[in-house]
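Report on one structure; see the data block that follows.
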2 protein chains.
Amino acid sequence: MAKTITIPGYDPQKCELRSFIDRVADKWSLMIISLLANSPDEKARFSDLKKSIPGISQRMLTTTLRNLERDGLVNREVFAEVPPRVEYQLTKLGKNLKVPVGQLMAWIEGNWGTIKKSREKFDLKASRS
Amino acid sequence: MAKTITIPGYDPQKCELRSFIDRVADKWSLMIISLLANSPDEKARFSDLKKSIPGISQRMLTTTLRNLERDGLVNREVFAEVPPRVEYQLTKLGKNLKVPVGQLMAWIEGNWGTIKKSREKFDLKASRS
DNA sequence: CGGTATCCGTTATGATACTG
DNA sequence: CAGTATCATAACGGATACCG
C-alpha cells in the first residue's frame with residue numbers, strides 16, 4: 001500500500017503551495033525579482049526591466065509585474081511626468097524573498113554546466129532506442 | 001535612455017537561465033523535489049509520489065519525473081518484480097539542489113499568509129474600479 | 001513612456017483508455 | 001504498479017495596433 005510522504009512544517013492541503021509556485025515559478029518572475037534585487041535601491045523603471053530581460057514582450061512584463069504587485073512583492077509608483085515614468089521596487093516582503101531566490105539563482109549558475117551535460121547524455125541515449 | 005541592469009556573476013545571454021527555470025519552476029518539479037528530499041533515503045516509489053501530490057495526474061507525474069531524470073536531479077530504478085516497482089531517488093546533484101529549494105519552500109510557508117492577504121486587498125481594490 | 005485590447009498559434013496539461 | 005497513447009481543451013504568451 002502506498003505511503004503518503006509529508007514535508008515537515010508544510011501541509012499541501014492547507015497551504016495552497018501551488019498558487020505561489022505558479023508565481024515564483026512562472027516564465028519571468030524569478031528573473032524580474034533578481035533584476036530588481038540587483039538594481040540600485042532595488043528599484044527600476046519599466047523600460048530598464050524591458051531592456052534587461054532578453055526576449056520578454058511588453059505584455060508579459062506588464063502582466064508579471066502586476067502579479068508580483070498583487071502578491072505584495074513589488075511596489076509600483078507612477079510619476080506624473082511627460083513622458084510618464086513608472087518605477088517598480090521590491091517591497092519589504094520582496095526584499096525578503098530575495099534571499100532564497102538569490103540562492104536558487106546561484107545554485108543554477110553554479111550547476112548549469114552539469115545539468116547541460118546530463119541532458120545531452122540523456123538525449124543521446126534516448127535517440128539510440 | 002534605458003539602463004541595462006546586470007546580475008553579478010550571471011550573464012543572461014550566456015547561461016540560458018530560462019531553460020532551467022522552466023524545469024525547477026514548472027508546475028510540479030519543486031513539489032516532487034521537496035517530497036523526495038523528505039522521504040526516507042530521499043527515495044520514493046511512483047505510487048507514493050502520486051498519492052502525496054494532490055491533483056497531479058499520472059501523465060504529469062511521469063513527464064515531470066522524466067525531465068528531472070534528464071537533468072540529472074533524480075535517479076530512476078526499476079525492480080523486476082510483479083507487480084512492478086519503480087523507485088525515484090535524488091541524485092547527488094538533486095540532493096544538492098535540496099538546499100536552495102528547501103529554503104524557498106520554507107520562505108513560502110512562512111510568508112504565505114502575508115501573500116494571501118495582499119492578494120485579497122489587491123483584488124478588492126481592483127473590483128472597485 | 002508605459003501601458004491596454006485583441007487576435008491567434010503553441011504548449012501544457014487533464015481525462016480516458018489501454019498495456020507489460 | 002507503472003506506465004504509454006490519444007484526444008480535447010485551457011492557459012500561455014507573442015504580435016500587432018492603439019491610447020493617455
Side-chain angles (χ1 to χ4, degrees), chain A residues 1-5 18-32 35-36 39 43-70 74-89 126 129, chain B residues 1-5 17-32 35-36 39 43-70 74-89 122 126 129:
Chain A
M1 164 163 175
K3 295 164 295 183
T4 304
I5 306 155
R18 289 243 26 83
S19 300
F20 187 76
I21 290 190
D22 285 339
R23 172 77 49 257
V24 155
D26 77 6
K27 195 165 179 184
W28 306 106
S29 295
L30 274 184
M31 189 101 214
I32 292 177
L35 282 174
L36 285 176
S39 300
K43 186 193 300 188
R45 47 190 302 191
F46 189 89
S47 51
D48 295 338
L49 290 170
K50 177 116 174 48
K51 192 177 175 193
S52 306
I53 306 174
I56 196 170
S57 65
Q58 193 172 33
R59 196 171 92 87
M60 287 320 294
L61 181 54
T62 302
T63 305
T64 310
L65 284 168
R66 277 296 178 287
N67 285 330
L68 292 172
E69 193 193 353
R70 177 171 179 257
V74 156
N75 185 52
R76 178 173 181 264
E77 191 177 3
V78 184
F79 296 86
E81 304 174 357
V82 180
R85 175 165 57 106
V86 180
E87 287 189 349
Y88 293 89
Q89 183 174 30
S129 62
Chain B
M1 166 163 175
K3 294 165 295 185
T4 304
I5 307 154
L17 177 64
R18 288 243 31 82
S19 300
F20 187 77
I21 290 189
D22 284 340
R23 171 79 47 260
V24 154
D26 77 3
K27 195 166 181 183
W28 306 106
S29 295
L30 274 183
M31 190 100 215
I32 292 177
L35 283 173
L36 286 175
S39 300
K43 188 193 297 189
R45 47 191 301 190
F46 189 87
S47 51
D48 294 340
L49 289 170
K50 177 117 174 46
K51 193 178 174 192
S52 306
I53 307 175
I56 196 168
S57 65
Q58 193 171 34
R59 199 173 90 85
M60 285 321 294
L61 182 54
T62 302
T63 305
T64 309
L65 284 168
R66 277 296 178 286
N67 284 330
L68 291 172
E69 193 192 355
R70 176 171 179 258
V74 157
N75 186 52
R76 177 173 181 266
E77 191 177 3
V78 184
F79 296 86
E81 303 174 357
V82 180
R85 175 164 57 105
V86 179
E87 286 188 351
Y88 292 90
Q89 184 175 29
F122 186 91
S129 61

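Naming convention: chains lettered A, B, ... in sequence-line order (proteins, then strands); numbering from 1 in each chain. Being a predicted model, the structure only gives us computed values, none of them experimental.
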Taking the side chain as every heavy atom from C-beta outward, state whether [X] and [Y] have any pair of such atoms under 4.5 Å apart.
X	Y	value
Leu49(A)	Leu36(A)	yes
Lys3(A)	Ile5(A)	no
Val78(B)	Pro84(B)	no

What is the distance from atom [atom1] of [X] to atom [atom2] of [Y], rounded to the nearest 0.5 Å?
X	Y	atom1	atom2	value
Asp48(B)	Glu87(B)	CG	CD	8.5 Å
Glu77(A)	Arg85(A)	CD	CZ	8.0 Å
Arg70(A)	Asn67(A)	CZ	CG	7.0 Å

For [X] and [N], give me the distance from atom [atom1] to atom [atom2], rounded to whole Å.
X	N	atom1	atom2	result
Ile32(B)	dT13(C)	CD1	C1'	14 Å
Glu87(A)	dC1(C)	CD	C1'	13 Å
Phe46(A)	dG2(C)	CZ	C1'	6 Å
Arg76(B)	dT4(D)	CZ	C1'	12 Å
Glu77(A)	dG3(C)	CD	C1'	17 Å
Ile53(B)	dG14(C)	CD1	P	11 Å

Does [N] have OP1 or OP2 under 4.0 Å away from a side-chain N or O of [X]?
X	N	value
Arg45(B)	dA2(D)	yes
Tyr88(B)	dC1(D)	no
Ser47(B)	dA2(D)	yes

Can you give me the N/O atom pairs linking the protein to nucleotides 14-16 of chain D at distances under 3.5 Å, or say none if there are none?
residue: dG14(D); atom: OP1; partner: Lys27(A); partner atom: NZ; Å: 3.2
residue: dG14(D); atom: OP2; partner: Ser57(A); partner atom: OG; Å: 3.2
residue: dG14(D); atom: N7; partner: Arg59(A); partner atom: NE; Å: 3.3
residue: dG14(D); atom: O6; partner: Arg59(A); partner atom: NE; Å: 3.0
residue: dG14(D); atom: O6; partner: Arg59(A); partner atom: NH2; Å: 3.1

Sequence neighbours excluded and cut-off under 3.5 Å, please list the side-chain donor-acceptor pairs for residues 59-66 of chain B, or say none.
residue: Thr62(B); atom: OG1; partner: Gln58(B); partner atom: O; Å: 3.0
residue: Thr63(B); atom: OG1; partner: Arg59(B); partner atom: O; Å: 2.8
residue: Thr64(B); atom: OG1; partner: Met60(B); partner atom: O; Å: 2.6

Legend entry - Interface with DNA chain C, restricted to residues 61-69 of chain B and to heavy atoms under 4.0 Å: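 Correct list: empty, so none.
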Inset, instruction - Using a heavy-atom cut-off of under 4.0 Å over every strand shown, decide if Phe79(A) touches base, sugar-phosphate, or nothing. - result: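 If one applies the 4.0 Å heavy-atom cut-off, Phe79(A) turns out to touch nothing in the nucleic acid.
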